[in-house]
Amino acid sequence: MAKRKILIIEDEQDMRELLTLRLSSSGYDVYSAADGEEGLEKIAQIIPDLIILDLMLPRIGGYELCWRLKADKKFDHI
């Protein structure tokens, strides 16, 4: 069985690193992005099973990113 993929979209580096360490040690493949625009690019590349999304992000905010995902049939299951 393939590992589940989790994408963390968080602008605070310490929080990204903490979550990555914790989730990786639990057996997940963890990816991260520092802002909403980078997050959208990573979503298209890896199609994660779960996204941990900060709401207050530079470039594209968390609410906007979430709306875009839910409006796109390729990603509305996430």
Side-chain angles (χ1 to χ4, degrees):
M1 185 169 143
K3 286 184 174 183
R4 297 291 183 169
K5 296 179 276 188
I6 298 176
L7 174 60
I8 300 165
I9 306 175
E10 167 64 62
D11 58 334
E12 292 186 32
Q13 183 176 352
D14 291 342
M15 183 62 76
R16 275 195 322 271
E17 290 174 0
L18 175 68
L19 289 169
T20 298
L21 180 64
R22 194 79 152 138
L23 293 167
S24 294
S25 68
S26 294
Y28 297 99
D29 281 337
V30 182
Y31 304 85
S32 65
D35 61 57
E37 194 164 309
E38 181 185 0
L40 278 177
E41 292 170 8
K42 293 257 177 112
I43 290 165
Q45 291 171 1
I46 64 171
I47 306 180
D49 298 295
L50 176 73
I51 298 170
I52 298 175
L53 177 62
D54 185 7
L55 296 177
M56 305 275 296
L57 292 168
R59 297 170 76 184
I60 298 174
Y63 286 115
E64 175 69 24
L65 195 148
C66 190
W67 292 325
R68 289 185 189 190
L69 290 178
K70 292 303 173 188
D72 190 327
K73 291 292 182 201
K74 291 184 292 192
F75 307 117
D76 68 353
H77 67 282
I78 302 173

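Index from 1, following the sequence. As a basis for the values below, the full set of heavy atoms in this structure was taken, side chains included, without hydrogen atoms, waters or symmetry mates.
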Would you say Lys74 and Ile43 make side-chain contact, with heavy atoms under 4.5 Å?
-> no
Flag side-chain contact, heavy atom, 4.5 Å: Leu19 against Ile6 = no
Gap between atom CG of Asp54 and atom CD of Glu12 - 0.5 Å precision = 7.0 Å
Could you give me the CA-CA distance, side-chain angles and deciding distance for Ile8 and Val30, then say whether side-chain contact (heavy atoms from CB on, under 4.5 Å) is met?
-> CA-CA 7 Å; Ile8 300 165; Val30 182; 3.6 Å; yes
Is Ile52 reachable from Leu57 through a run of I, L, V, M, F, W or Y residues, each pair having side-chain heavy atoms under 4.5 Å apart?
-> no
Steps toward side chain to side chain donor-acceptor pair (under 3.5 Å) verdict (Gln13, Glu17) | CA-CA 6 Å; Gln13 183 176 352; Glu17 290 174 0; 2.7 Å; yes
Judged by atom type as modelled, is there a donor-acceptor pair below 3.5 Å linking the side chain of Lys70 to the main-chain atoms of Ile78?
-> yes
Could you state the interatomic distance from CD1 (Ile9) to CD (Glu37), rounded to the nearest 0.5 Å?
-> 12.0 Å
Decide if atom OH of Tyr28 counts as having more than 12 heavy atoms of other residues, nucleotides or ligands within a radius under 6.0 Å.
-> no
Would you please test Lys42 and Ile51 for side-chain contact (heavy atoms from CB on, under 4.5 Å) and show each step?
-> CA-CA 11 Å; Lys42 293 257 177 112; Ile51 298 170; over 6 Å; no
Please answer whether the main-chain N or O of Ala34 pairs with a side-chain N or O of Glu38 as donor and acceptor at a distance below 3.5 Å.
-> yes
Kindly give the heavy-atom pair with the smallest separation between Leu53 and Cys66, and that separation in Å.
-> CD2-CB, 4.2 Å
About how many Å separate CZ of Arg4 and CG of Leu23, when rounded to the nearest 0.5 Å?
-> 14.0 Å
Find the distance between CG (Asp35) and CG (Leu40) and round it off to the nearest 0.5 Å.
-> 9.5 Å
Tightest non-hydrogen contact, residues Arg16 and Glu10, listed as NH1-O, 2.7 Å
Which atoms form the tightest heavy-atom contact between Leu7 and Gly39, and what is the distance?
-> CD2-O, 3.9 Å
Looking at OG1 of Thr20 and CG of Asp29, how far apart are the two atoms once the value is rounded to the nearest 0.5 Å?
-> 11.5 Å
Do Trp67 and Leu55 share a hydrophobic cluster (ILVMFWY, side-chain heavy atoms under 4.5 Å, transitive)?
-> yes
Verify, without hydrogens or angle tests, whether Lys5 (side chain) and Ile46 (backbone) share a donor-acceptor contact under 3.5 angstrom.
-> yes
Side chains of Ile60 and Arg68: does their closest heavy-atom pair fall under 4.5 Å?
-> yes
Hydrophobic cluster identity match, Phe75 and Leu50, side-chain contacts under 4.5 Å | no
